[in-house]
Amino acid sequence: MAPSLIRNFSIVAHIDHGKSTLADRLLSLTGTMDAKKAVDQVLDSMDLERERGITIKAHTVRLLYRARDGQEYTLNLIDTPGHVDFSYEVSRALAACEGAVLIVDAAQGIEAQTLANFYLASDANLAIIPVINKIDLPAADVEGTRAQITETLELDGSEALAISAKHGTGVPEVLEAIVARIPPPKGDLDAPLKALVFDSFYDSYQGVVVYVRLTDGRVRPGTRVLLMSNGRSYDVQQVGVFSPDMRPVEELSAGQVGYLTASIKRVADAKVGETITETARPTAVAFPGYRDAKPMVFAGLYSIEDTDYEALRDALEKLRLNDPAFTYEPETSLALGYGFRCGFLGMLHMEIVQERLEREFDLSLIVTAPSVQFKILTTAGEVLDIDNPSKLPTPDRIEQMDEPYVKSSILVPTEFMTAIYKLAQEKRGEHRSLEYHGKRVHIRFDFPLSEIVVDFYDRLKSISKGYASFDYELSEFRPSDLVKLDILLNGDPVDALSSIVHRDKAYERGKALVEKLRAVIPRQLFEVAIQAAIGSRVIARETVKAMGKNVTAKCYGGDITRKRKLLEKQKEGKKRMKQVGKVEVPQEAFLAVLKT
Amino acid sequence: MYVHVPFCAKRCGYCSFNTAPLEDGSMVRYLEAVQREIDLLGALPWASRIRLGTIFLGGGTPSLMEAEELAAVLDRIRARFDVVADAEITVECNPESVTRAKLEGYRASGVNRLSLGVQSLDDAILPRLGRLHDARGARAAFEAARDAGCANLSIDLMYGLPGLDLDGWTRAVDRVLGWRPDHLSAYGLTLDAGSLWGAAGIDGLPAEQDQIDQYWHLARAAAAHGLEHYEISNYARPGFRSRHNQIYWHAAEYLAAGPGACGFVGRVRYSNVKATPRYCQVLADGALPVASAEELSPRQRLAERLLLGLRTADGVPTTWLETRLDGDRGLRQRIEAWRAEALLVDVADRVRLTEAGFLLSDALFVELL
Ligand SMILES: Nc1nc2c(ncn2[C@@H]2O[C@H](COP(=O)(O)OP(=O)(O)OP(=O)(O)O)[C@@H](O)[C@H]2O)c(=O)[nH]1
Ligand code: SF4
Ligand SMILES: [Mg+2]
């Protein structure tokens with residue numbers, strides 16, 4: 001196929017601006033999806049994505065489009081996630097494209113990830129088509145949004161297409177613009193094969209299915225290919241495209257996007273960023289590759305039933321096959337027994353992993369308080385990476401403690417500035433810069449990662465009536481005055497409830513934490529004392545009184561079934577309790593550590 | 001067999017039972033239907049193998065029935081089923097609806113046990129509950145029952161009531177025990193979802209600790225009067241436990257008749273159509289008015305046996321508990337805590353809750369499901 005008839009593009013935007021909805025429209029307009037059969041957000045193929053209405057993974061699909069010039073074009077579309085936890089998926093997707101459709105919600109205007117994604121696309125030298133979506137909304141401000149695009153993104157706002165992805169208004173113009181404004185891939189059909197791996201997943205029948213973007217050459221079943229970073233060769237078994245399900249084709253050639261299988265056993269063997277070439281005739285220069293997506297938060301995962309440890313391990317192994325961004329290794333907790341310390345990209349990622357484990361593998365889990373990874377210099381001169389508070393050496397062995405910082409970007413209407421600065425101060429933010437864009441400001445702060453991973457985003461949204469948006473990336477480690485805050489139940493420290501906090505905040509946090517725990521730990525047969533302590537110094541204390549009365553007065557012939565059902569319901573709730581020593585601690589208690 | 005009589009003169013604030021005001025003609029229609037139901041039950045293939053050891057007329061207010069009406073129901077049961085010679089036959093009565101003459105009539109029809117709904121002896125509290133009698137009326141009803149020759153007489157009391165303090169409760173308990181009832185049921189108030197109070201809320205409830213104090217006062221006073229605390233809410237003179245209710249707590253079988261009544265046959269728990277007009281209609285159409293039925297799994301059966309048996313002072317055979325704990329280390333550990341706190345005790349080859357354990361029993365039952 002002539003590269004001149006191919007267009008490769010991603011749809012990028014701030015979360016919820018309508019990427020997946022536009023993708024749906026493009027699919028049905030080009031007849032890739034039968035409009036009648038279509039469910040909403042077709043490309044959001046995981047149950048979880050549909051239920052939550054968010055995209056977690058980038059999705060690829062090939063569209064065939066007969067343009068107004070009479071030619072039939074092959075459009076390779078990659079729908080991307082908007083949530084900051086998954087922003088690494090965006091940069092991978094962009095590497096496989098020549099252009100990007102950048103959506104801006106007409107009612108929300110430009111938000112933090114609009115900016116972040118815009119920079120990613122423009123740094124990758126992609127042609128960018130600005131699209132203003134949701135013009136059907138009463139609150140839509142198309143002209144204001146055009147002005148923002150001109151001012152903030154330095155794109156020509158007057159060239160932005162105004163559409164309603166939901167109703168289809170203006171969507172045909174998007175297809176035309178893709179053909180007209182995005183350059184066709186360059187590439188040499190006769191040069192040695194050079195293909196970029198931009199995604200992959202594990203299939204139990206075919207092994208790893210590798211998503212490739214070919215820049216040069218061709219590949220077909222039988223081609224012996226070389227994975228340049230690890231030097232391994234494989235025989236290609238199948239090549240194909242997504243339309244939107246996997247469909248085998250005879251050949252993929254320069255400029256095209258598709259998949260290949262070659263009996264590759266592990267996702268790790270065909271990493272994203274890998275260069276695939278011919279074994280017999282390798283290309284000269286490999287792609288630069290990507291940095292691995294690095295976990296930012298770590299938490300212990302324990303099954304509530306001790307007997308499920310093996311099942312949990314198997315589940316983690318399976319899940320990781322398709323989610324290399326998540327890491328795990330065995331750990332033991334005095335309180336919780338055998339479990340795993342897992343690394344996640346952020347809290348949403350953590351929630352999703354937990355939910356998938358519980359749902360797809362039928363496990364009941366406790367997640368301990370998440371922690372970021374600290375760097376500890378010991379008096380003996382070692383540097384330790386500590387992502388588990390209970391592994392923190394005693395103070396006398398610590399020379400210096402460093403904590404990770406992020407560079408962040410907040411976009412907010414000027415009227416909320418004061419509130420934002422107040423929140424930033426509370427979260428130990430350091431102001432970096434301030435720019436005015438019309439009625440809005442773009443503020444940059446440096447924050448300790450630990451201050452923003454948990455509830456920062458929710459707080460930000462609530463103090464700005466939902467208008468503020470936020471984006472961040474990891475920057476560096478900085479020395480910090482940190483202490484370990486322990487929680488004791490009836491005098492015994494519970495390692496899974498410990499956290500590492502800034503000294504100035506320890507007292508306040510300890511107090512808030514024990515109050516929260518008192519509220520969530522149910523009354524037991526005996527009194528439970530909850531204490532917060534730094535070292536041997538108790539800084540806060542609460543008690544949960546012993547259970548006084550928990551009895552059903554009447555239980556006669558007509559009451560038995562109702563009674564049993566009532567208790568069964570209570571039992572469901574109790575399934576989320578973990579026995580810590582003699583005390584039963586509900587799952588929420590561990591979450592309390594994170595939400596306090 | 002349990003027979004439900006679904007009428008009351010007026011609904012009490014705390015009550016969520018299947019009952020409605022008695023209207024003209026509704027008792028007649030009900031009586032016709034319930035006798036039909038007894039006929040249909042009696043015609044079931046396995047009915048001839050059944051021997052009824054107890055009959056319990058509950059409500060509602062069964063004492064709204066005239067003696068002849070009651071006699072007709074009992075006669076019908078005896079006609080269709082083999083009722084043992086010394087069967088325990090109980091009728092629930094409300095003080096305002098009984099007279100010595102009526103109770104003599106009941107006795108003549110075979111009733112040998114009465115349960116009198118006194119609830120309180122505080123004339124300030126009784127009307128708040130929606131009760132139609134006062135303390136004197138309660139006492140008079142008790143006397144009438146004795147005079148009518150009732151040698152097995154039970155009283156219902158309630159504690160944890162709005163406005164009831166420990167002194168008030170102590171007085172009520174002491175007075176009632178002074179009457180020398182053969183049996184006493186005392187229920188801590190619960191706000192059921194289906195009751196007026198459950199829906200609208202109620203002020204003046206005693207604090208949890210006061211309710212606990214009231215429970216303990218009764219437990220001690222009853223013991224001092226020679227009553228054994230044989231079930232969470234029930235006390236009896238030796239030999240006067242309710243045979244009928246023990247069937248429930250032993251998870252044994254029982255038949256049921258009347259609107260909304262629940263029965264247990266074989267492995268199946270079933271319940272009747274609740275609304276009385278509909279119940280009568282179904283029977284007029286010649287069908288049994290069963291609304292729902294559930295077959296218990298072996299696991300559920302064991303759970304019920306434990307839950308019900310542990311409500312009683314006899315507890316359950318230790319082997320039943322062992323069967324439940326088998327292979328569940330966590331549960332075993334948690335049950336040990338009950339023993340350590342002396343809430344659960346082993347007596348010979350049985351295990352049972354103590355009086356302190358009764359107070360927390362639901363927490364144990366959740367575990368044992
Ligand atoms: N009124 C209106 N709503 C729209 C339009 N386009 C999308 N939406 C709605 O906006 C919400 C988000 O749409 P999605 O397509 O899931 O957004 P997304 O950008 O893919 O979101 P993420 O993948 O989570 O980043 C959904 O409720 C859509 O129905 C539009 O043109 N008009
Ligand atoms: S408590 Fe008894 S008397 Fe009062 S309404 Fe309920 S069933 Fe009738
Ligand atoms: Mg999406």
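All chains are named by letter (A, B, ...) in the order of the sequence lines, taking the proteins before the strands, and each is independently numbered beginning at 1.
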Q | Proximity breakdown for B/Ile232 and chain A, heavy-atom pairs closer than 4.5 Å | A | side chain
Q) Side chain, backbone, both or neither: which part of B/Phe358 has a non-hydrogen atom closer than 4.5 Å to chain A? A) backbone
Q: Please list, chain by chain and in numerical order, all residues satisfying ring-ring contact (aromatic ring centres under 6.0 Å, His included) with A/Phe326, sequence neighbours excluded.
A: A/Phe344
Q | Partner set under side-chain contact (heavy atoms from CB on, under 4.5 Å) for B/Val316, not counting sequence neighbours | A | B/Leu306, B/Leu310, B/Trp320, B/Val351
Q) Which bit of B/Ala363 comes within less than 4.5 Å of chain A, counting heavy atoms only: side chain, backbone, both or neither? A) both
Q) Checking heavy atoms, do the side chain of B/Leu369, its backbone, both or neither come under 4.5 Å from chain A? A) both
Q.
Could you report the tightest heavy-atom contact between A/Ala553 and B/Gly188, atom names first, then the distance?
A. CB-O, 3.5 Å
**Q.** Heavy-atom closest contact (B/Val366 atom, A/Leu567 atom, distance)
**A.** CG2-CD2, 3.4 Å
Q.
Suppose we screen for side-chain contact (heavy atoms from CB on, under 4.5 Å). Which residues come up paired with B/Ala337, at least two apart in sequence or across chains?
A. A/Leu525
(Q) Please classify the contact of B/Ile247 with chain A as side chain, backbone, both or neither, using a heavy-atom distance under 4.5 Å. (A) neither
Q. Side chain, backbone, both or neither: which part of B/Leu308 has a non-hydrogen atom closer than 4.5 Å to chain A?
A. side chain
Extract the chain B to chain A donor-acceptor pairs under 3.5 Å, no hydrogen or angle test applied.
unit_1: B/Tyr187; atom_1: OH; unit_2: A/Tyr556; atom_2: OH; d: 2.6
unit_1: B/Glu208; atom_1: OE1; unit_2: A/Arg523; atom_2: NH1; d: 3.2
unit_1: B/Glu208; atom_1: OE1; unit_2: A/Arg523; atom_2: NH2; d: 2.8
unit_1: B/Glu208; atom_1: OE2; unit_2: A/Arg523; atom_2: NH1; d: 3.4
unit_1: B/Gln211; atom_1: OE1; unit_2: A/Lys549; atom_2: NZ; d: 3.0
unit_1: B/Ser233; atom_1: OG; unit_2: A/Ala553; atom_2: O; d: 2.7
unit_1: B/Asn234; atom_1: ND2; unit_2: A/Tyr556; atom_2: OH; d: 3.1
unit_1: B/Trp249; atom_1: NE1; unit_2: A/Cys555; atom_2: O; d: 2.9
unit_1: B/Tyr254; atom_1: OH; unit_2: A/Gly557; atom_2: O; d: 2.8
unit_1: B/Glu294; atom_1: OE1; unit_2: A/Arg564; atom_2: NH2; d: 3.1
unit_1: B/Glu294; atom_1: OE1; unit_2: A/Lys565; atom_2: NZ; d: 3.2
unit_1: B/Glu304; atom_1: OE2; unit_2: A/Arg564; atom_2: NE; d: 3.0
unit_1: B/Arg311; atom_1: NH1; unit_2: A/Thr552; atom_2: O; d: 3.1
unit_1: B/Arg311; atom_1: NH2; unit_2: A/Thr552; atom_2: O; d: 2.8
unit_1: B/Arg311; atom_1: NH2; unit_2: A/Ala553; atom_2: O; d: 3.0
unit_1: B/Arg334; atom_1: NE; unit_2: A/Glu584; atom_2: OE2; d: 3.4
unit_1: B/Leu359; atom_1: O; unit_2: A/Asn550; atom_2: N; d: 2.7
unit_1: B/Ser361; atom_1: N; unit_2: A/Asn550; atom_2: O; d: 3.3
unit_1: B/Asp362; atom_1: N; unit_2: A/Asn550; atom_2: O; d: 2.9
unit_1: B/Asp362; atom_1: OD1; unit_2: A/Thr552; atom_2: OG1; d: 3.2
unit_1: B/Asp362; atom_1: OD1; unit_2: A/Lys563; atom_2: NZ; d: 3.4
unit_1: B/Asp362; atom_1: OD2; unit_2: A/Thr552; atom_2: N; d: 3.3
unit_1: B/Asp362; atom_1: OD2; unit_2: A/Thr552; atom_2: OG1; d: 2.5
unit_1: B/Asp362; atom_1: OD2; unit_2: A/Lys563; atom_2: NZ; d: 3.0
unit_1: B/Val366; atom_1: O; unit_2: A/Lys571; atom_2: NZ; d: 3.2
unit_1: B/Glu367; atom_1: O; unit_2: A/Lys571; atom_2: NZ; d: 3.0
unit_1: B/Glu367; atom_1: OE2; unit_2: A/Lys574; atom_2: NZ; d: 3.3

